[in-house]
Structure formats: structure tokens, C-alpha cells
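Both backbone and side-chain heavy atoms feed into the values below; hydrogens, waters and symmetry mates do not. Throughout, numbering of the chain's residues begins at 1 and tracks the sequence. On a predicted model such as this, the values are computed, not experimentally measured, just so you know.
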Amino acid sequence: MLALTAAQVVVDLRERSALADLRGVEGLLDPLDPGVGVRWERADAGSSVDVMTPEGRVLVSEREAPGGVALEGMDSATGDTLWRRVLAGGTGGSPPGARPEPVTCQAAPDGSGRLSCLRTGRWRQPGPPTTGTDGAAHLWTVDVRTGEVVGDVALEEAPTAFAMVAGTAVVVTPLETAVRVTGLDPLRGAARWRLDLPGPDDDGGRSSALDRADVQAIDASTVAVHDGQVITLVSDDGVVLRRYDELAGVDTADGVGFWWLTDRTNGAVVSVVNDVTTLVTAEREVTVQGGAVPRWADDGSAPGLVLTSGDTVRAWDARSGEERWTADLDRDVHTAIVLRGRVHLFASDRVVTVDAATGRTLWRSPPDLVPTSPLSDGRVVLLVRLDDRGDGGELVALDVADGDERWRSPLPEHGWVTTTGGLLVVVVDDPTGETSGSLRVLG
């Protein structure tokens, strides 16, 4: 009896150690226990962004406001309001009926508790579609612990996007034949560096894509700028590391489908053109077959792993491009979670878990469970059993190791499950459309 007890203690300690190693893995939920229930609920909470501070997490709700955005800081443990702040920069010279581009906010990646929000100063007008600028672009930075505005920067140009890296706001602005990339001090507004990247050289065939120029952080010191065709990797001090033309050598006569995303685990940009995937890093370009499968969370237990899906799921080596394994699942996979040497593959109707080293199938979820979002706390994967009307139902937790059911919890009618910065969230829609519904945090 004592030997059994000691063995169980060792197992528990190992489990706690493994879970501690998963803390901080982007995309994972906070640990969940059986009997999960509603921790707190808010009506009309709006969309929320999770911001880490030296003291812990703060949720910040975002709602549209005239000329800007209304922010509300919330205690992530209780849902209580900590502060409210409206950031507005005026409406400038937009015509009647025009709608401004929504304000976007990003947390500083250093855990300082700062949230920066960009008003692009761009507007759109329906029928026939028209776009323009109103001269009221703005970048604000807020300390989410107090709601204090610590940066208030009026921008002379009208950017389309920004990304935060190493204390710098990297802002992209379309010009007539180029994309301007500026590294700004988000608190004082001083330009630390500036680049004008030439646009696609295709006789003007994609010049309109410049108006959709985008930028995303790859890691804490590198961003990727996308001008609609060319991807440029730029360091946080304004050095161009690599340029990659997605359509170079591609026959576009019969049309072309392409998209891109960032792969933080491999420190790469992923470009997908006609179901061919290319990983772009500062050092190399690696091309593999199939459309990329984004990894919602990755603990690094399968280093250099790249996943693609098409007629089958394939795993590749990010450095060499060599195929590691294939898994014939008879279904398309749209995302994955990599944890503790396993790959949980999410299709529209099933989760299939395979060994990360070999691709051997370990378990499949039951056919009556639906993966509405890629949700896991490192111990269980969460799926939904819908009721007879295809609504509400139950939240079901399956063990990550063997797929056995560990617990279940009822879901409210008109509720759907998602996550915000490690919190398990149920959004309950208002079927009448009179309100934006409510947000319930489970735990």
C-alpha cells in the first residue's frame, strides 16, 4: 500500500512538473479542473485582448467609439471593471456615410502591461466601394494597470497596420509605388528608423494590393511586411533581412490562390501559393508540398516541425524540407496543437492525435463530438457535444494521452466556446439581436 502511494505521488509530481513547463505556451488555456463552472459573466463585454503585466493578466475590452475606441480594463479573475478610457482622434475629413477602419490594439510583447492602439485614419464607403483618408491617424499607448495614457502620437501619414516588437511600434503605410515601414517610439512618437520598400514589379497588375499592406511580428525582434505579393523580413532596428516574392515563377494565367501567416516556433513566415508552402526565414527559403496547417499552440516538443494538408497530412523538417512522415486521415485538417510529443490534428468534425515523431495514430475523438475551436490546457482537449438542435449541449474534455473522457460540463443555449489569453470563454449570443450577448469566463 505504501509503495502504491509513493508511486502515485511520483506520478503526480511528474504531472505537475510537465504542466509547469507548459505555462507560458501561447495558445494554451489555464489549467482546468473537473466541475468547471462560470467564474464570472459580463454583458456587452465587446471583444477583448489579453495583456500581461508584471503583476499578472488584465483583460481589456474594446468597443467602437466616435473617432476612436472605448477601452475597459477588467480583472481577469473576477470580471470587475478596473478603469475605463475613450481614445479618440476626431473624424477628420471623411465624407457623410463613410465608416472608419476599426481601431486595432496590440499588447507589448515584453509583459510591461502596455497596450498600443492604432487608428489608421482610413475610411470606406459602400456602393460603389470607395476608400480614402481623413487625416486623423493616431497611435495611443495605455498602461493597462491604471488606464493611464502614456503615449499619444498623431501620425502624419495614414498607415494600414502595425506590429509591436522590442519596445518599437513598426507601422506600415502604402505609398504610390512603395510601402513605407517606420519604427516608432510608441510613447514619444519619434521615428527610430524608416524604410521605403518597392512594391511588386508587375506592370501595375497588383498595385492596388499596396493599400492592404500588412505587418506581423515573427518574434520579439523581427517583423514580416507583406505588400500583397512580396514578403520582407525586417529587424527591430530597421535592417532588411530577406525579401521573398510569392509569385516569382508562378503561372498566374489561370488564377492563383495565396495566403500567409507567421510561424513563431520556427521563426518564419509561411507563404502558401496554390497549395505549395514556403517557409521564409532570414537565413533560407524551404518549399514543401501541401497547404500549411497552422499550429494554434506548440510547446517545442517536436523541433522544426512543419505540417501541411491536402490529400493527406504530411510532416516536414523546417530546415531541410525533408518529409518526416505522412498520415492518411481521409479529411482536411485546418489547425493543430503540438504538446508533449503529440500532434492533435483538428478537422471540422474530428480530432485525430498522432505521434509527433512518427505520425502513428494514437487516438481519434468520438464522432458525436465537434471541435469548435482548438482548445487545450495541456491535460485535456476540449470538444463540444451539440444538442438535438445543433446548439448549446456539453463541453467534453478528452485526455491528451489516450482520448478518454475526463469530464463534461453543460453549455448554455446559444453559447459557443473560445479563448481569450488563457481563459476559457463562452460567448452567449442574443437570439433577438437586441444586445451583443454576454461573455462567461469558465474555470
Verify salt bridge (Lys or Arg N to Asp or Glu O under 4.0 Å) between Asp299 and Arg342, making sure each step is shown before the conclusion.
CA-CA 10 Å; Asp299 67 350; Arg342 307 181 189 94; over 6 Å; no
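- For the salt bridge (Lys or Arg N to Asp or Glu O under 4.0 Å) test, no residue two or more places apart in sequence or in another chain qualifies with Asp219.
- Electrostatic pairing of Asp317 and Arg324 counts as a salt bridge here, judged by a charged N lying under 4.0 Å from a carboxylate O.
- In summary, Glu72 and Arg63 engage in a salt bridge, as defined by a charged side-chain N under 4.0 Å from a carboxylate O.
- In this structure, Arg295 does not pair ionically with Glu26, as no charged nitrogen and carboxylate oxygen lie closer than 4.0 Å.
- Panel note: side chain Thr81, backbone Trp83; no donor-acceptor pair is recorded below 3.5 Å.
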Can Val103 and Leu118 be said to form a side-chain contact (heavy atoms from CB on, under 4.5 Å), step by step?
CA-CA 6 Å; Val103 173; Leu118 175 68; 5.8 Å; no
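- Taking a cutoff of 4.0 Å between a charged side-chain nitrogen and a carboxylate oxygen, Arg119 and Glu101 do not qualify as a salt bridge.
- Within 6.0 Å of CH2 in Trp193 there are more than 12 heavy atoms belonging to other residues, nucleotides or ligands.
- The side-chain heavy atoms of Ser301 and Val338, taken from C-beta on, include a pair separated by under 4.5 Å.
- We find that Asp143 and Arg114 are not joined by a salt bridge, their nearest charged nitrogen and carboxylate oxygen being 4.0 Å or further apart.
- Look at Glu64 and Arg99 and you find a salt bridge, because one of the NZ, NE, NH1 or NH2 atoms lies within 4.0 Å of a carboxylate O, short of that distance.
- Remark: side-chain polar atoms of Asp50 are not paired, donor with acceptor, to backbone N or O of Gly422 under 3.5 angstrom.
- Arg39 has no carboxylate O lying under 4.0 Å from a charged side-chain N of Asp30, or vice versa, which leaves the two without a salt bridge.
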